[in-house]
2 protein chains.
Amino acid sequence: MPIWTYIFLMARAATTSDAFNAVAEPQRRRILVLLKGRERPVNELARALRITQPRTSKHLRVLREVGLVRVREAGQQRLYGLDARGLQPVHEWVIGFEQYWNENFDRLNEYVKRLQQKEHADGKRR
Amino acid sequence: MPIWTYIFLMARAATTSDAFNAVAEPQRRRILVLLKGRERPVNELARALRITQPRTSKHLRVLREVGLVRVREAGQQRLYGLDARGLQPVHEWVIGFEQYWNENFDRLNEYVKRLQQKEHADGKRR
DNA sequence: TTGACATATGCCGATATGGACATATATTTT
DNA sequence: AAAATATATGTCCATATCGGCATATGTCAA
């Protein structure tokens, strides 16, 4: 089977591994919150979240891969610390909508929008 | 098979369907950006994103289910409009990290953190 | 009514994901 | 060295997800 077939078949999903994705998982969000202020070892996080240690390690791995946490060896333990810089893009994207969630969708507003839409639709009609 | 067995087996993933998740998908983010300012019909979105219409409809369904867009029938078309209120929780969560991504990880900072960590570890030792 | 257009949905295939469990690896303690 | 502790990883299972394609549904025009 030629390589391009393989590539073609592979070209499906590719959701993985950016800050947006890392943060989509509730447990991972909780981990990040727990890491505010100070580093913590894996077991402590697992206990705090009431989840198993392997699961915790896997979430930490994802967070590590997208650069939201960093690890530091400390004897037997691995101390995970927050590196929030990766959250900045998320913030920047979301803040771009601030004016819209404050918007009051009153009738006039809607009316104007519909007019605009109508114009647009007519204009584009081919 | 007793019902609890079923429930037990079911209790696996549950990632689905909140704003965090909806926004984790790049195409869906692009859709939301396109909907800033004015409503758009599905086909227009599909064309703008260079993706198929069914795919667009499916993304829109997710966005609709989490309440980030609303639909309005307009003859043959369905006009999708932004409802950014659902993004507010995302913003609130992320903004809680603002002080940390500005943080400069200098040596003193680290030193203090490590001291705290050590104290904590010693204190918890059982 | 028929046909064109707009949209939603069902099905399939491939892959990603999350969790549980067992186990491998590394470090410290005895 | 052996045991205890801390963590990472591999395997298995069930499900979610994304994409393409075909098609169903609904609306408007001729």
Side-chain angles (χ1 to χ4, degrees), chain A residues 1 5-18 21-31 39-47 49-66 69 71-80 117 121-122 124-126, chain B residues 1 5-18 21-31 39-47 49-66 69 71-80 117 121-122 124-126:
Chain A
M1 176 183 279
T5 306
Y6 200 63
I7 292 171
F8 176 72
L9 291 173
M10 293 282 293
R12 307 256 164 165
T15 323
T16 337
S17 318
D18 59 350
N21 217 290
V23 152
E25 222 287 324
Q27 306 287 20
R28 288 198 286 262
R29 284 201 298 279
R30 297 178 64 199
I31 288 177
E39 297 171 315
R40 291 177 192 259
V42 179
N43 268 328
E44 188 183 324
L45 291 169
R47 253 183 288 127
L49 298 177
R50 314 295 222 94
I51 62 179
T52 66
Q53 170 271 310
R55 197 83 287 271
T56 309
S57 283
K58 282 180 186 174
H59 282 313
L60 285 169
R61 183 186 176 136
V62 173
L63 292 171
R64 213 187 325 131
E65 281 171 351
V66 303
V69 301
V71 211
R72 185 164 66 81
E73 318 250 334
Q76 228 168 341
Q77 308 191 117
R78 324 249 309 189
L79 297 181
Y80 281 83
Q117 180 54 45
D122 293 341
K124 281 254 169 157
R125 191 89 52 249
R126 61 223 173 293
Chain B
M1 176 184 281
T5 306
Y6 200 61
I7 293 169
F8 176 72
L9 289 173
M10 292 283 292
R12 306 256 165 166
T15 324
T16 336
S17 320
D18 59 350
N21 218 289
V23 153
E25 222 287 325
Q27 306 286 21
R28 288 197 286 264
R29 284 201 297 279
R30 297 180 62 200
I31 289 178
E39 299 170 314
R40 289 178 193 258
V42 178
N43 267 328
E44 189 183 324
L45 291 170
R47 252 182 288 125
L49 298 178
R50 316 295 223 94
I51 62 180
T52 66
Q53 170 270 310
R55 197 83 288 271
T56 310
S57 284
K58 283 178 187 174
H59 282 313
L60 285 169
R61 183 188 176 134
V62 174
L63 292 171
R64 212 186 326 130
E65 281 171 351
V66 304
V69 302
V71 210
R72 184 165 68 81
E73 317 250 336
Q76 230 167 341
Q77 307 192 117
R78 324 245 312 182
L79 297 181
Y80 281 83
Q117 180 53 47
D122 293 341
K124 281 252 170 160
R125 191 91 49 245
R126 62 221 175 291

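Values in this document were obtained by computation on a predicted structure and should not be read as measured data. Labels below follow one simple rule: chain letters A, B, ... track the order of the sequence lines, proteins then strands, and each chain is numbered from 1.
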Output the rounded distance in Å from [atom1] ([X]) to [atom2] ([N]).
| X | N | atom1 | atom2 | value |
| --- | --- | --- | --- | --- |
| A:Asn21 | D:dA16 | CG | P | 17 Å |
| B:Leu63 | D:dT17 | CG | C1' | 14 Å |
| A:Arg28 | C:dA16 | CZ | P | 15 Å |
| A:Glu39 | D:dA6 | CD | P | 17 Å |
| A:Gln53 | C:dA20 | CD | P | 12 Å |
| A:Glu44 | D:dA6 | CD | C1' | 13 Å |
| B:Ile51 | D:dG20 | CD1 | P | 8 Å |
| A:Leu45 | D:dA8 | CG | P | 10 Å |

Quick check for you: among [options], whose closest atom lies nearest to any side-chain atom of [X]?
| X | options | answer |
| --- | --- | --- |
| B:Gln77 | C:dT7, D:dA8, D:dG19 | C:dT7 |
| A:Lys58 | C:dT7, D:dC18, D:dT11 | D:dT11 |
| B:Arg55 | D:dC21, C:dA8, D:dC18 | D:dC18 |
| A:Arg64 | C:dG19, D:dG20, D:dA8 | D:dA8 |
| A:Asn43 | D:dA6, C:dT9, D:dT11 | D:dA6 |
| A:Pro54 | C:dT9, D:dT9, C:dG18 | D:dT9 |

Taking C-beta and beyond as the side chain, do A:Leu60 and A:Leu45 meet within less than 4.5 Å on heavy atoms?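 Answer yes - side chains close enough.
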Can you check whether B:Ala22's main-chain N or O pairs, donor with acceptor, with B:Arg28's side chain at less than 3.5 Å? yes
Donor-acceptor contact below 3.5 Å, side chain B:Glu25 vs main chain B:Gln27: yes
Would you say the side chain of A:Gln76 and the base of D:dT5 hold a donor-acceptor pair, judged only by whether the two atoms sit under 3.5 Å apart?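 In this structure, the two groups form a donor-acceptor pair.
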Think [X] has a side-chain N or O under 4.0 angstrom from the OP1 or OP2 of [N]?
| X | N | result |
| --- | --- | --- |
| A:His59 | C:dG19 | yes |
| A:Thr52 | C:dA20 | yes |
| B:Tyr80 | C:dA8 | yes |
| A:Arg61 | D:dA8 | no |

I'd like to know whether A:Arg72 forms a side-chain contact (heavy atoms from CB on, under 4.5 Å) with A:Arg78, so could you lay out the CA-CA distance, the side-chain angles of the two residues, the decisive distance to 0.1 Å, and finally the verdict. CA-CA 6 Å; A:Arg72 185 164 66 81; A:Arg78 324 249 309 189; over 6 Å; no
Please report the closest heavy-atom contact between A:Arg29 and A:Val23, naming both atoms and the distance. NH1-O, 2.7 Å
Sugar-phosphate only, base, or nothing, as touched by B:Arg78 at under 4.0 Å among non-hydrogen atoms: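 Contact class for B:Arg78: sugar-phosphate only.
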